[in-house]
Structures are given as structure tokens and as C-alpha cells.
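On a predicted model such as this, the values are computed, not experimentally measured, just so you know.
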Amino acid sequence: RLHPGLTEVDVFLGWFGSRSRLMHRVSRLSAPAMRLGPVAAGVRLAARAVAGRGGDPEPGRNDAVRTSVAAVAADAAGNVLATVELDGPEPYRLTADLLAWGATAAAAGAVRGTGALGPADGFTLDALEAACAAIGLRRTG
């Protein structure tokens, strides 16, 4: 709905630095692998071990961590229509601020349309871009 030829947008979160694109590809393989009992058991065991180390995120605790996002929009033939790279604040803060903005805007009656809408459809692309900029998500590269 944002572009007549747009059929797919791949988004990569850069929590893994230069390995982010590799992690994106690996994650596609994880769902079938998780159907294997030993793999699922190993992941659960590792998750319990990691969860016991850090606890829940606390304000100010991860300020040195940044959000890095790359997105590639393509048409049905695989032709790239647009790319964007973004840098922003600590991921938990970014998520909380975006959710708070969306909830506040919706409560104020800013939602356009009905039904299941993405943020650009529900609030307009301009409003979403302005909110992201106010939160600290900036274009790079």
C-alpha cells in the first residue's frame, strides 16, 4: 500500500554487528531445527543459563548498546526499490518509546483506517518518521 510495486521488505536488526545479515539467514533455519527434540532441549537449557546471569533490563544499564537497522524493499521480481540504514538508542528504550508513542497517538484518535494496520498505514508514514526521529532513530549511510 505504500508503493505500487512493493511486495517485500527485509529488515535486519544489527544487534550482531557485521554478523547481522548472517543471523537473519540462520534464524530462518531455526524454526525447522527447533522441531528436533535434542535441539529444542539444548536451546531451553542455554536460555535458562543466560536468563540467570543478567536479569531484566534496567534503565541506564545498556546505554552503551545501540540499535542498528537495515531494510531492503523489493518488488516481485526481486528488484531493489529502496534501502535504508538506521541508528538509534538502546533497543529496549527504543521499543518502549515506540510502543508508548503508538499508544498515545491511538488514544488521541490519530489512527487512520480500521482493521489490522501497520504503523505506516495506521498513522501515516510522515507521522511515523517524525515519531522515530523524535525518539532518536536516525538515518545513516
Taking every non-hydrogen atom, the tightest pair across Arg112 and Thr124: CD-CG2, 3.2 Å
Point-to-point distance, once rounded to the nearest 0.5 Å, from CG of Leu98 to CD1 of Ile135: 4.0 Å
Give a yes or no answer on whether the side chain of Arg139 reaches the backbone of Glu85 with a donor-acceptor pair at less than 3.5 Å. no
Ignoring hydrogens and geometry, is there a side-chain-to-backbone donor-acceptor pair from Thr67 to Pro89 under 3.5 Å? yes
Is it the case that the side chain of Arg66 and the backbone of Gly88 share a donor-acceptor pair, with hydrogens and angles ignored and the cut-off at 3.5 Å? yes
Which heavy atom in Phe123 sits nearest to a heavy atom in Ala105, and how many Å separate them? CE2-CB, 3.6 Å
Which heavy atom in Trp101 sits nearest to a heavy atom in Ala131, and how many Å separate them? CE2-CB, 3.3 Å
